[in-house]
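Have a look at the structure below before the remarks.
Position 1 is the first residue of the sequence; numbering continues from there.
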Amino acid sequence: MNKLFSIAFFIAATLTSFAQDKQAKELLDDVSEKIKSYNNIIIDFKYTLTNTKENINQESKGNVTLEGNKYVLNFMGATKIYDGKKSYTVVPEDEEITISSEKDNDEKAITPAKMLTFFNSGYKYSMDILQNVNGRKIQYIKLVPTSAKDQRKEVLLGIDIQTKHIYKLIEIGKNGTKTTLTVNSFKTNQPLSKNQFIFVASKYPNYYINKLD
């Protein structure tokens with residue numbers, strides 16, 4: 001009798017897990033389709049990094065403008081421009097500009113654009129908690145990296161059920177480090193300058209230029 005109960009419980013748990021995975025995939029697919037429908041996206045965000053054991057608690061704010069694989073990221077006092085072929089990292093504090101060729105289709109390259117689509121491969125996922133944030137229903141999905149080499153234990157992705165926009169991204173490392181990115185504003189299809197993603201060297205006449213290739 002106990003054996004039959006155990007088998008029944010296992011089957012029920014498996015079916016429930018499958019249903020959650022299917023539901024999670026459908027929600028992630030909805031997010032991907034919504035992202036693809038926009039001409040451009042502008043995001044203001046808050047970033048925190050904590051590690052209790054190491055007594056680390058950092059907080060920063062930033063913003064990023066995205067159009068296809070091009071972007072302009074302002075974060076931690078630096079600006080990074082990617083025009084689709086090369087990236088230009090401008091650090092005013094050091095009066096230095098680093099120029100490098102980046103292949104945005106490189107799976108190992110981490111770019112701001114992939115923040116919105118990184119979950120499409122390399123993870124097992126399941127539905128997690130549902131939160132009410134100032135009247136907004138935020139559904140979290142737990143993503144567990146499939147690669148044993150990945151230093152992240154899990155990723156929690158908070159999605160606004162109504163808009164299908166990403167609200168929060170939480171990464172929990174195997175070493176106890178927790179990074180959280182919270183989206184403060186999410187604007188789409190904004191009028192952008194034709195030179196939005198073009199690096200103009202004349203704006204930085206006294207800067208040292210470091211070319212990596």
Side-chain angles (χ1 to χ4, degrees), residues 15-49 59-75 80 82 84 104-147 150 152-173 178-193 196-197:
L15 291 174
T16 301
S17 177
F18 176 78
Q20 287 180 331
D21 290 349
K22 182 180 179 182
Q23 190 177 0
K25 185 180 186 308
E26 289 176 350
L27 183 54
L28 291 176
D29 287 344
D30 287 344
V31 172
S32 294
E33 289 302 313
K34 200 67 178 290
I35 295 302
K36 292 177 183 177
S37 71
Y38 299 129
N39 295 325
N40 60 65
I41 300 171
I42 300 177
I43 298 173
D44 288 325
F45 61 87
K46 182 177 74 173
Y47 175 89
T48 61
L49 185 151
E59 183 175 312
S60 303
K61 292 183 178 181
N63 61 76
V64 60
T65 301
L66 305 159
E67 185 178 84
N69 67 339
K70 301 177 182 179
Y71 61 83
V72 176
L73 171 68
N74 296 295
F75 183 56
K80 185 172 184 178
Y82 181 67
D104 192 66
N105 58 1
D106 183 353
E107 292 182 358
K108 295 181 180 180
I110 299 175
T111 67
K114 290 183 179 179
M115 180 189 81
L116 303 174
T117 57
F118 76 93
F119 47 78
N120 286 329
S121 63
Y123 298 90
K124 293 180 180 179
Y125 38 76
S126 60
M127 299 293 278
D128 205 84
I129 64 172
L130 176 66
Q131 284 187 339
N132 187 311
V133 180
N134 297 323
R136 299 166 62 189
K137 290 185 178 180
I138 306 298
Q139 174 64 60
Y140 281 86
I141 294 178
K142 180 187 290 186
L143 301 107
V144 180
T146 55
S147 174
D150 200 308
R152 295 168 300 172
K153 179 182 178 182
E154 63 185 31
V155 179
L156 294 171
L157 190 65
I159 300 168
D160 187 314
I161 291 180
Q162 182 177 359
T163 64
K164 300 300 189 298
H165 292 168
I166 294 174
Y167 166 70
K168 185 171 288 189
L169 173 66
I170 304 171
E171 290 188 353
I172 301 173
K178 178 180 178 181
T179 59
T180 303
L181 188 148
T182 304
V183 175
N184 293 324
S185 71
F186 193 106
K187 299 178 182 179
T188 62
N189 299 335
Q190 299 296 300
L192 301 179
S193 166
Q196 183 74 41
F197 306 100

How close do Pro145 and Lys153 get, heavy atom to heavy atom, and via which atoms? CD-O, 3.7 Å

Taking all atoms of both residues into account, what is the closest heavy-atom pair of Ile141 and Ala24, and its distance? CD1-O, 3.6 Å

Report yes or no: does Asn40 contribute a side-chain atom to a donor-acceptor pair with the main-chain N or O of Gln190 at less than 3.5 Å? yes

From Leu156 CG over to Leu169 CG, what is the distance, rounded to the nearest 0.5 angstrom? 9.0 Å

Could you state the interatomic distance from CG (Leu66) to CG (Leu73), rounded to the nearest 0.5 Å? 9.0 Å

Should Ile42 and Leu192 be marked as a side-chain contact (heavy atoms from CB on, under 4.5 Å) after you check the CA-CA gap, both sets of side-chain angles, and the distance that decides it? CA-CA 10 Å; Ile42 300 177; Leu192 301 179; 4.1 Å; yes

Enclosure of Gln162 CD (heavy-atom neighbours >12, cutoff 6.0 Å): no

What are the two closest heavy atoms between Val155 and Arg152, and how far apart are they? CG2-NH1, 4.0 Å

Any chance NZ of Lys178 has more than 12 other-residue heavy atoms, nucleotides or ligands included, within less than 6.0 Å? no

Please report the interatomic distance CG(Asn69) to OH(Tyr82), rounded to the nearest 0.5 Å. 5.0 Å

Minimum side-chain heavy-atom gap Ile138-Lys168 below 4.5 Å: no

Do any N or O atoms from the side chain of Thr146 and from the backbone of Gly122 form a donor-acceptor pair under 3.5 angstrom? yes

Before you tell me yes or no, could you show the steps for Lys34 and Asp30 under salt bridge (charged side-chain N to carboxylate O under 4.0 Å, His left out), namely the whole-Å CA-CA distance, both residues' side-chain angles and the distance that decides it to 0.1 Å? CA-CA 6 Å; Lys34 200 67 178 290; Asp30 287 344; over 6 Å; no

Nearest-0.5 Å distance that lies between atom CG in Asn189 and atom CG in Asn39: 4.5 Å

Measure across Val64 and Phe45 and return the closest heavy-atom pair with its distance rounded to 0.1 Å. N-CE2, 4.3 Å

Interatomic spacing from CZ in Arg136 to CG in Asp160 - rounded to 0.5 Å: 4.5 Å

Heavy-atom check, side chain of Thr163 versus side chain of Phe186, under 4.5 Å: no

Does Lys142 reach the main-chain N or O of Glu154 with its side chain, forming a donor-acceptor pair under 3.5 Å? no

Exercise: identify the closest heavy-atom pair between Phe197 and Thr65: CE2-O, 3.6 Å

Of all heavy-atom pairs linking Asp21 and Ser126, the shortest is OD1-CB, 3.4 Å

Distance-only criterion, 3.5 Å: show the donor-acceptor pairs between side-chain atoms of residues 127-134 and protein atoms not counting sequence neighbours.
| unit_1 | atom_1 | unit_2 | atom_2 | d |
| --- | --- | --- | --- | --- |
| Asn132 | OD1 | Gly135 | N | 3.0 |

Aromatic plane relationship, Tyr47 with Phe75 - under 30° parallel, 30 to 60° tilted, over 60° perpendicular: perpendicular

When rounded to the nearest 0.5 angstrom, what is the spacing between CG in Leu157 and OH in Tyr167? 13.0 Å

Checking side-chain contact (heavy atoms from CB on, under 4.5 Å) for the pair Val183/His165: CA distance, chi angles, key distance, verdict? CA-CA 9 Å; Val183 175; His165 292 168; over 6 Å; no

